[in-house]
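Any value given below was found using the heavy atoms of this structure, including those in side chains, with hydrogens, waters and symmetry copies removed. Numbers restart at 1 for each chain; the letters A, B, ... are given by sequence-line order, proteins then strands.
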Amino acid sequence: MLDIKVIRENPDKVNELLKRRNAELSINEVLEIDKQRREVQGKADNLRADRKNISQQVGVLKKEGKDTTEIQENVRKLGEEIKGLEEKELEFNEKQKTLLLNIPNTPDETTPVGHDESANTVIKTVGEVPQKSFEVKAHWDIGTELDLLDFERGVKISESRFTIYKGKGARLERAIINFFLDVHTTDHGYTEILPPYLVNSASMRGTGQLPKFAQDMYKCEEEDLYLIPTAEVPVTNIYANEILNEEDLPKYMAAYTPCFRREAGSAGKDTRGLIRQHQFNKVELVKLCTPEDSPEEHEKLTRNAERMLELLELPYRRIELCTGDIGFSAQKCYDLEVWLPSSECYREISSCSNFGDYQARRAGIRYRSKLSGKPEFLHTINGSGLAVGRTFAAILENFRQEDGSVLIPKVLQKYFGAEVIKK
RNA sequence: GGAGGAGUGCCUGAGCGGUUUAAAGGAACGGUCUUGAAAACCGUCGUGUGGGCAACUGCACCGUGAGUUCGAAUCUCACCUCCUCCGCCA
């Protein structure tokens, strides 16, 4: 959520930044509502002050044994007037809140300006793209041949975009999860979190999934609960509506969770394989930090994610998303993309975003600033470290040998318990 | 699921219809003292939202939402959460 005070004081600046995302966006409507809202509030405040003073007088007069029926009747009428204004006040408040909740974050000044993904910039490319002398296969074929994945029966017991991992496949998935968690908690200083996989609507609003993206999520019919689309939601909201001490920052948290996404609107896209599933595993990195530290913490978090690809010896590149392509709540975002030989392209395997105070304001996550002594909204940062299913796919494709076996990356061998997967 | 009890500021905790402007203590911050620190003493100290260049000031907020009343932290109702006991259960 953007700060209404910032919008009020720098409307042109905010409008200009939002237009970098999308020319349609404007804060003019919310400014109009804000003006009306403040007007009503002023009137209501004055009347409430009157009522308070007169009611206090009633108390005094009654003690003196005087008759107050006429005054009481007048105050009762005043109360009715106040009630009318308060209804208006509430209406404007909610209208303003709704508008604000639907306005995306303003992009960071350093985010490259562009209309769509074609304007994203490649920051760096790491690792050699393997040149194979033999036939390259897609991970769904490799996984099926080696009896690691069962796509058909996954569909049978659920529906399309659900897959069963079995035997060595299930073991490899688990090995990747454990490897990621171990490195982040041991080498990178993150605290491991195992959060709930169902969260309420307030949490979804806090990180920005609601109200705009309700159709992307699975919702429980009977309760106010949603399946998490990413661990970002429960983990970021852990400190919702709290005031932390500045000494407790930064907070580094790492969480493995399954993620559930309806993928509404991606019908026909990546229908084969593990790339786009309704349920997938991910290890997510989340940081809470002061505004001063957030650019540096964002870079460090992205480096933490990149290190996973480097340790796994997977070729990748880092791109910076342009203003037209960054997520709704983000102000700056890097994507890490891993090389997938079968499709001869880089595919997203991690998305590392700095949200500034946008999520913190929505979720009410503050810290007491040493400098001002006042509670201030902190900054939130998160990124995948990494998407497990896509890592699985990348390993199968990049490490497949001519005889059809798949080598296990060195760092995973002790987790997996073998050096190679053969038929 | 059933029966009781409880939710007050950063924390503990008083207040249970009317100068409450939410007591008191702790923590925190500033100061005095000290070679330095501790202790002691003095002072500052809730959040949100308006008005004002500012000093300052209005209003709201006592789990959430409705209601009663001239007036609600205080009374009523519903809901949420936590605690105790019972039942069920991996």
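Here, B:rC82 and B:rG63 have their C1' atoms 10 Å apart, quoted to the whole Å. Spacing of C1' atoms, B:rC10 relative to B:rG46, comes out at 9 Å, to the nearest Å. Comparing B:rC33 with B:rA37, their C1' atoms sit 12 Å apart, to the nearest whole Å. Spacing of C1' atoms, B:rA22 relative to B:rC88, comes out at 44 Å, to the nearest Å. As rounded to the nearest Å, B:rU32 and B:rG25 have P atoms that lie 23 Å from one another. The separation of B:rG5 from B:rG9, taken at their P atoms, amounts to 22 Å, rounded to a whole angstrom. When the P atom is compared between B:rC11 and B:rU68, the two are found 33 Å apart, to the nearest whole Å. For the C1' atom pair drawn from B:rC70 and B:rC79, the interatomic distance equals 30 Å after rounding to whole Å.
In this entry B:rG4 has B:rC83 as its Watson-Crick or G-U wobble partner, both defining distances falling under 3.5 Å. Nucleotide B:rG48: paired with B:rC59 (Watson-Crick or G-U wobble, both distances less than 3.5 Å). Using N1 to N3 plus N6-O4 or O6-N4 for Watson-Crick, or N1-O2 and O6-N3 for G-U wobble, each under 3.5 Å, B:rA23 pairs with nothing. Both distances falling under 3.5 Å, in either a Watson-Crick or a G-U wobble arrangement, place B:rA78 opposite B:rU64. Under the Watson-Crick or G-U wobble criterion, with both distances below 3.5 Å, B:rA38 has no partner in any strand shown. Taking a pair to require two hydrogen-bonding distances under 3.5 Å in either a Watson-Crick or a G-U wobble arrangement, B:rC88 remains unpaired. With a cut-off of 3.5 Å on both pairing distances, B:rA73 has no Watson-Crick or G-U wobble partner at all.
In the set B:rG67, B:rC70, B:rC10, B:rC70 carries the atom at the smallest distance from any side-chain atom of A:Val75. Nearest nucleotide to the side chain of A:Val58, out of B:rC59, B:rU47, B:rG18: B:rG18. Set against B:rG50, B:rG71, B:rC10, the side chain of A:Arg38 has B:rG50 as its closest nucleotide. Distance from the side chain of A:Arg368 is smallest for B:rU47 among the nucleotides B:rU19, B:rU47, B:rC59. Set against B:rC70, B:rG48, B:rG50, the side chain of A:Asp34 has B:rG50 as its closest nucleotide. Of the candidates B:rG50, B:rG67, B:rG58, B:rG58 carries the atom nearest the A:Asp45 side chain, counting heavy atoms from C-beta on. With B:rG50, B:rC59, B:rC70 as the choices, the nucleotide that has an atom nearest any side-chain atom of A:Arg37 turns out to be B:rG50.
In terms of position on RNA chain B, the residue among A:Ile71 and A:Arg366 whose nearest nucleotide sits closer to the 5' end is A:Arg366. Annotation: of the two residues near RNA chain B, A:Gln56 and A:Gln96, the 5′-most nearest-nucleotide partner is A:Gln56.
Using a 4.0 Å heavy-atom cutoff across all strands shown, A:Lys52 reaches sugar-phosphate atoms only and no base atom. Across all strands shown, A:Lys5 has heavy atoms under 4.0 Å from sugar-phosphate atoms exclusively, and none from any base. Looking at heavy-atom distances under 4.0 Å, A:Lys43 makes no contact with the nucleic acid at all.
Rounded to whole Å, atom C1' of B:rU64 lies 14 Å from atom CG of A:Leu90. Per the geometry, CG belonging to A:Asn200 stands 10 Å off P belonging to B:rU81, to the nearest Å. The distance from atom CD1 of A:Ile243 to atom P of B:rG48 is 7 Å, rounded to the nearest whole Å. Atom pair A:Glu376:CD and B:rU47:P shows a separation of 11 Å (rounding to whole Å applied). Rounded to an integer number of Å, the gap from CG of A:Asp3 to C1' of B:rU49 is 12 Å. At whole-Å resolution of the value, CD in A:Gln57 and P in B:rG71 are 16 Å apart. Look at CD on A:Glu80: it is 13 Å from P on B:rG67, rounded to the nearest Å. Atom CG of A:Asn93 and atom P of B:rG48 are 16 Å apart (whole Å).
No salt bridge links A:Arg261 with A:Glu263; every basic N to acidic carboxylate O contact stays at or beyond 4.0 Å. We find that A:Arg20 and A:Glu109 are joined by a salt bridge, their nearest charged nitrogen and carboxylate oxygen being less than 4.0 Å apart. A salt bridge is absent between A:Lys19 and A:Glu24: the closest approach of a Lys/Arg side-chain nitrogen to an acidic carboxylate oxygen does not fall below 4.0 angstrom. Ion pairing of A:Arg37 with A:Glu89 is absent here, as no side-chain N (NZ or NE/NH1/NH2) approaches a carboxylate O to less than 4.0 Å. Salt bridge present: A:Lys166 and A:Asp147 bring a charged side-chain N and a carboxylate O closer than 4.0 Å.
Ring orientation note: the planes of A:His278 and A:Phe162 are tilted relative to one another, at an angle of 30° to 60°.
Taking the centre of each ring, A:Phe179 and A:Phe416 stay at or above the 6.0 Å mark.
With respect to A:Glu145, the salt bridge (Lys or Arg N to Asp or Glu O under 4.0 Å) criterion is satisfied by exactly one of A:Arg400, A:Lys423, A:Lys137: A:Lys137.
For A:Lys83 and B:rA66, the shortest distance from a side-chain N or O to OP1 or OP2 is not below 4.0 Å. The side chain of A:Arg51 places no N or O atom within less than 4.0 Å of a non-bridging phosphate oxygen (OP1 or OP2) of B:rU69.
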